[in-house]
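Just so it is clear: chains get the letters A, B, ... in the order the sequence lines come, proteins before strands, and each one is counted from 1. The model shown is predicted, which means the values in this text are computed figures rather than measured ones.
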2 protein chains.
Amino acid sequence: MLRLSKLTDYATVILSFMAREKTQVAAMEIAAVTGIALPTVSKILKSLVNAEVLVSTRGAKGGYALARMPEEISVATVINALEGPIALTECSISHQGCEQALGCDIGGNWSLINQTIHNALESVTLADLIRPAVLPNEVFIPVSSLYR
Amino acid sequence: MLRLSKLTDYATVILSFMAREKTQVAAMEIAAVTGIALPTVSKILKSLVNAEVLVSTRGAKGGYALARMPEEISVATVINALEGPIALTECSISHQGCEQALGCDIGGNWSLINQTIHNALESVTLADLIRPAVLPNEVFIPVSSLYR
DNA sequence: TTAAATAGGACTAGAATAGTCCAGAATTAT
DNA sequence: ATAATTCTGGACTATTCTAGTCCTATTTAA
């Protein structure tokens with residue numbers, strides 16, 4: 001089904017809320033607003049801090065805030081933060097453990113597909129996600145440009 | 001990680017072999033060549049027959065063959081055969097069970113991303129996968145064209 | 001000093017995936 | 001006819017992954 005994990009899905013909901021809010025917010029507040037359980041919200045926020053998508057402030061009156069403008073946070077970055085490197089196949093990440101050597105001379109072309117998808121996800125930002133009307137920027141993804 | 005299931009990965013290996021082979025082949029032969037266990041190969045082949053990517057002949061001297069030219073079998077079709085509809089989020093498939101109503105006014109823009117990725121996967125065929133040199137056709141995916 | 005937050009990690013339960021196996025049906029060869 | 005070969009369909013198991021929770025430590029404000 002080529003699906004995103006539930007946590008990544010939550011992350012986009014949380015980030016969209018934060019992008020609209022603009023000010024620092026505490027995990028508890030996010031949990032209350034989104035309806036996602038607090039421990040789960042915390043887990044996601046921690047990942048996003050580690051990926052430098054968010055910055056955190058500890059202690060009383062602490063909380064989380066976007067590390068940069070919504071326009072500068074791509075969907076690819078968010079997925080990466082929660083699920084690791086974006087790649088459809090294992091071998092696209094590392095070719096070391098591939099025992100399928102016999103029938104598999106595919107590698108190179110999968111990386112083409114991976115890059116195409118990565119580009120697609122890189123081209124959509126948090127700002128696009130919160131844009132009320134669905135009128136995307138003109139975005140072209142010339143596959144062959146990946147090789148220049 | 002946005003990954004493809006292992007079975008889908010196997011499927012591309014199997015189909016690549018079949019595309020090169022051109023003639024009808026038995027499941028056992030495929031298993032032998034690819035190194036994938038026979039029961040697993042069978043399972044995958046069955047799915048591909050159901051999706052009309054392959055045709056099968058039963059009985060002695062039976063086997064499997066591509067249902068159409070490699071150029072006419074897209075990666076999207078293969079993924080679809082093994083994993084169901086291509087969509088990053090649940091709600092892109094059906095919006096009925098979405099309890100996240102509170103924080104979620106995202107829907108529309110996700111479908112944009114989904115379509116972009118679907119187009120990317122639709123544009124790569126089995127023929128591209130077996131092409132030895134990685135020199136893809138010029139493929140443009142204008143996102144906004146999805147809305148015309 | 002206390003309360004309010006985040007940080008880090010361990011842990012559990014449940015779901016999904018991968019993989020196997022078997023009984024049945026179709027076709028060919030003997 | 002009978003046997004051998006090969007796909008069909010589905011049930012089943014084991015393993016892995018994901019989601020979700022919880023606990024302890026650390027930091028900061030009042």
Among B/Val55, B/Thr57, B/Leu66, find the residue that satisfies the side chain to side chain contact (heavy atoms under 4.5 Å, CB included) test when tested with B/Gln24. B/Thr57
Could you tell me whether the side chains of B/Thr125 and B/Glu71 share a donor-acceptor contact shorter than 3.5 Å? no
Which of B/Val53, B/Leu48, B/Leu4 passes side chain to side chain contact (heavy atoms under 4.5 Å, CB included) with B/Leu82? Answer is B/Leu48
With the criterion being N/O to N/O and under 3.5 Å, what pairs connect the protein with nucleotides 13-16 of chain D, and how long is each?
none

Run the side chain to side chain contact (heavy atoms under 4.5 Å, CB included) test on B/Ser56 and B/Leu45 for me, step by step, so that the C-alpha distance in whole Å, both residues' side-chain angles and the decisive distance to 0.1 Å come before the verdict. CA-CA 9 Å; B/Ser56 64; B/Leu45 292 171; over 6 Å; no
To the nearest angstrom, how far is A/Asp9 atom CG from D/dG20 atom C1'? 16 Å
At their closest point, which heavy atom of A/Ala51 faces which heavy atom of A/Ala81, and how far apart are they? CB-CB, 3.3 Å
I want to confirm an ordering. Mapping A/Leu45 and B/Lys6 to their closest nucleotides on DNA chain C, which one lands closer to the 5' end? A/Leu45
Distances under 3.5 Å only, N/O to N/O: pair up the protein atoms with those of nucleotides 3-5 of chain C.
residue : atom : partner : partner atom : Å
C/dA4   : N3   : A/Ala60 : N            : 3.3
C/dA5   : O4'  : A/Gly59 : O            : 3.2

Identify which nucleotide among D/dG20, C/dT17, D/dG10 has an atom closest to any side-chain atom of A/Arg3, counting heavy atoms from C-beta outward. C/dT17
What is the distance, to the nearest angstrom, from the CG atom on B/Leu54 to the C1' atom on D/dT8? 14 Å
Is A/Ser56 close enough to C/dA7 that one of its side-chain N or O atoms is under 4.0 Å from OP1 or OP2 there? yes
Between B/Ile117 and A/Ala120 the two heavy atoms that sit nearest each other are CG1-CB, 4.4 Å
C/dA18 OP1/OP2 closer than 4.0 Å to side-chain N/O of B/Tyr10: no
Phosphate OP1/OP2 of D/dG10 contacted by B/Lys43 side-chain N/O (<4.0 Å): no
C/dT28 P sits how many Å from B/Gln24 CD, rounded? 10 Å
Audit row: A/Val41, A/Met28, side chain to side chain contact (heavy atoms under 4.5 Å, CB included) steps and yes/no: CA-CA 8 Å; A/Val41 169; A/Met28 224 172 74; over 6 Å; no
Distance, rounded to the nearest Å, where B/Ile44 contributes CD1 and C/dA18 contributes P: 9 Å
Selected nucleotide, minimal atom distance to A/Lys46 side chain, candidates C/dG19, C/dA7, D/dT8: C/dA7
A/Ser123 and A/Asp128: which non-hydrogen atoms are nearest, and at how many Å? O-OD2, 3.7 Å
Closest heavy-atom pair and its distance - B/Ala67, B/Glu52: CB-O, 3.4 Å
When the distance from CG of A/Leu48 to P of C/dG8 is rounded to whole Å, what number comes out? 13 Å
Shortest side-chain distance from A/Leu7, nucleotide among D/dA19, C/dG8, D/dT21: D/dA19
